[in-house]
There are 2 protein chains.
Amino acid sequence: MVVSREQIAAAALRHLNQSPTASMEEIARAAGVSRATLHRHFATRDELVSALGWRAMEYWERAQKQAGVAEAIESGDPRTLEAALHALVIGQAEIADEHGFTLTANSLLDDAALMRRIDELEELELKLFAACQRAGILRADLPVRWISNTLYGLLVAAVESLRRGDVARRDLSRLLLETFLRGTA
Amino acid sequence: MVVSREQIAAAALRHLNQSPTASMEEIARAAGVSRATLHRHFATRDELVSALGWRAMEYWERAQKQAGVAEAIESGDPRTLEAALHALVIGQAEIADEHGFTLTANSLLDDAALMRRIDELEELELKLFAACQRAGILRADLPVRWISNTLYGLLVAAVESLRRGDVARRDLSRLLLETFLRGTA
DNA sequence: CTAGACTGAGACAGTGATGTATCAATCTAG
DNA sequence: CTAGATTGATACATCACTGTCTCAGTCTAG
């Protein structure tokens with residue numbers, strides 16, 4: 001059967017999300033493909049992991065674009081900022097699966113170009129959070145980097161909740177946004 | 001120099017928090033001990049990781065006990081429940097370092113006895129959250145397991161914040177409790 | 001139908017980590 | 001001071017994974 005590079009990448013990510021140290025043999029099996037074929041698409045393990053990293057970045061960037069983050073920051077308008085913030089969080093929830101493994105894969109730390117890209121995307125989000133603080137949409141007494149890490153931590157919780165079946169997929173966006181903004185009390 | 005088993009375990013955990021796939025050689029060096037000595041204390045890598053898992057459970061259990069979780073649940077009194085909840089979250093923040101690695105070490109999934117212990121501790125926390133929901137201290141529109149996962153996710157964020165130097169240690173408890181209860185908005 | 005592309009299976013050497021063992025040096029309790 | 005315990009250094013066999021290669025079988029476009 002023909003399995004595209006994209007399909008293999010998706011299957012690899014799915015499997016690595018649950019078993020981050022899986023061997024190429026395991027990954028190949030999970031993708032329904034032989035180890036030889038896996039190596040034809042991704043010469044080395046590092047290349048595969050790196051590709052997954054870039055793939056996750058694309059999803060992330062797309063979520064930021066669709067939420068209109070950059071424009072909202074530029075406008076400075078409270079209602080625009082709030083809309084972008086909500087759209088971003090919901091967008092993150094929808095692509096949570098794409099981040100589970102890549103955000104904690106420490107072999108990616110060597111890929112300088114990728115790290116720069118991550119920093120850029122993170123930087124933009126920090127600017128959004130800071131603008132929201134100035135506009136009174138987010139609490140100003142929290143360090144902006146803590147807010148960013150909070151969202152990241154809640155994404156981890158979201159992925160875990162899906163994995164364990166604690167939460168239905170369709171409820172996830174609402175739960176994430178609600179909890180992020182208003183907490184649990 | 002004499003380095004106790006406990007000191008080695010602590011150093012191993014500290015290092016594995018940052019480098020979860022570190023070799024025995026690396027771990028030994030981080031603990032200021034030779035690989036031979038490390039193997040004398042922990043015959044195999046699995047044994048070491050398992051010991052760290054049990055160690056983390058002890059910290060967790062102690063935090064629950066000190067917070068008076070069981071008694072609060074039994075009492076059903078809102079103020080007692082709230083006090084226990086706050087004490088638990090703060091306690092978790094203080095031992096966040098002990099959990100960073102062990103909570104994501106998937107080799108622990110094989111240790112059935114340890115997993116049972118984890119389930120028990122988690123079960124007690126779920127009961128506390130449910131009691132808090134009934135007492136109006138926590139939102140009743142959130143699945144109790146989502147609340148539990150939220151706290152877990154925020155702990156991940158806390159460890160990450162400390163690791164990156166985004167947050168000072170002394171601010172952590174407050175940030176964690178505030179964010180857990182009231183969110184970022 | 002056929003040629004070219006793609007695949008799975010298997011063999012292979014190289015590499016790094018693991019766990020065990022030995023031995024000389026060092027520390028420490030008594 | 002001394003005997004026993006503990007340590008670091010080193011060597012060793014073993015193992016799993018990686019990356020490369022070959023070859024025969026299968027699929028597919030034309």
Side-chain angles (χ1 to χ4, degrees), chain A residues 1-56 100-102 104-114, chain B residues 1-56 100-102 104-114:
Chain A
M1 189 179 53
V2 176
V3 182
S4 72
R5 182 183 162 100
E6 167 59 24
Q7 282 176 305
I8 294 178
L13 181 62
R14 219 175 311 134
H15 192 254
L16 284 170
N17 270 340
Q18 311 225 353
S19 183
T21 60
S23 68
M24 292 294 268
E25 172 70 40
E26 271 185 288
I27 298 170
R29 213 178 319 140
V33 127
S34 74
R35 194 167 69 93
T37 299
L38 178 57
H39 270 292
R40 282 184 194 106
H41 284 287
F42 305 95
T44 72
R45 193 181 200 283
D46 277 355
E47 190 181 314
L48 168 62
V49 173
S50 175
L52 295 182
W54 284 102
R55 194 168 166 277
F101 162 69
T102 46
T104 56
N106 44 6
S107 66
L108 289 176
L109 299 175
D110 298 333
D111 191 331
L114 182 59
Chain B
M1 189 180 53
V2 176
V3 182
S4 72
R5 182 184 162 101
E6 167 58 24
Q7 283 177 304
I8 293 178
L13 181 62
R14 220 176 310 132
H15 192 254
L16 283 171
N17 270 341
Q18 312 224 354
S19 182
T21 60
S23 67
M24 293 293 270
E25 172 71 40
E26 271 184 285
I27 298 170
R29 213 179 318 140
V33 124
S34 74
R35 194 167 69 92
T37 299
L38 177 58
H39 270 291
R40 281 184 194 108
H41 285 286
F42 305 94
T44 72
R45 194 180 200 283
D46 278 354
E47 190 181 315
L48 169 61
V49 173
S50 175
L52 295 183
W54 285 102
R55 196 168 165 278
F101 163 69
T102 46
T104 57
N106 44 6
S107 65
L108 289 176
L109 298 175
D110 299 333
D111 192 330
L114 181 59

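Every chain is numbered from 1, with letters handed out A, B, ... down the list of sequences.
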Exercise for the section: To the nearest Å, give me how far apart CD1 (A:Ile27) and P (D:dC17) are. Expected result: 11 Å
Exercise for the section: In whole angstrom, give the distance that lies between atom CD1 of A:Ile8 and atom P of C:dT7. Expected result: 7 Å
Practice task
Rounded to the nearest angstrom, tell me the gap between atom CZ in A:Phe42 and atom P in D:dT20.
Solution key: 15 Å
Exercise for the section: Given side-chain contact (heavy atoms from CB on, under 4.5 Å), test A:Arg29 with A:His15 step by step and report yes or no. Expected result: CA-CA 10 Å; A:Arg29 213 178 319 140; A:His15 192 254; over 6 Å; no
Problem - Step-by-step side-chain contact (heavy atoms from CB on, under 4.5 Å) determination, B:Val33 to B:His41 - result: CA-CA 11 Å; B:Val33 124; B:His41 285 286; over 6 Å; no
Exercise for the section: Taking all heavy atoms of B:Pro20 and all of B:Phe101, pick out the closest pair and write down the distance. Expected result: O-CE1, 3.8 Å
Handout entry: Whole-Å distance separating the CZ atom of B:Arg5 from the P atom of D:dT7
Key = 12 Å
Practice task
For B:Ala30 and B:Ala11, work out which heavy atoms get closest and say how close.
Solution key: O-CB, 4.1 Å
Handout entry: Contact under 4.0 Å: B:Thr37 side-chain N or O vs D:dG8 OP1/OP2
Key = yes
Problem - Along DNA chain C (nearest heavy atom to each residue), the more 5'-positioned of B:Ala43 and A:Arg40 - result: A:Arg40
Exercise for the section: Kindly compute the distance separating CZ (B:Arg40) from CZ (B:Arg5), expressed to the nearest 0.5 Å. Expected result: 14.5 Å
Completion exercise
A:Leu38 CG to D:dT20 P, in whole Å, measures 12 Å
What protein N or O atoms touch nucleotides 16-18 of chain C N or O atoms at under 3.5 angstrom, if any, and at what distances?
from   : atom 1 : to      : atom 2 : distance (Å)
C:dT18 : OP1    : B:Arg45 : NE     : 3.2
C:dT18 : OP2    : B:Met24 : N      : 2.9

Problem - Residues that B:Arg45 engages under salt bridge (charged side-chain N to carboxylate O under 4.0 Å, His left out), provided they are two or more places apart - result: none
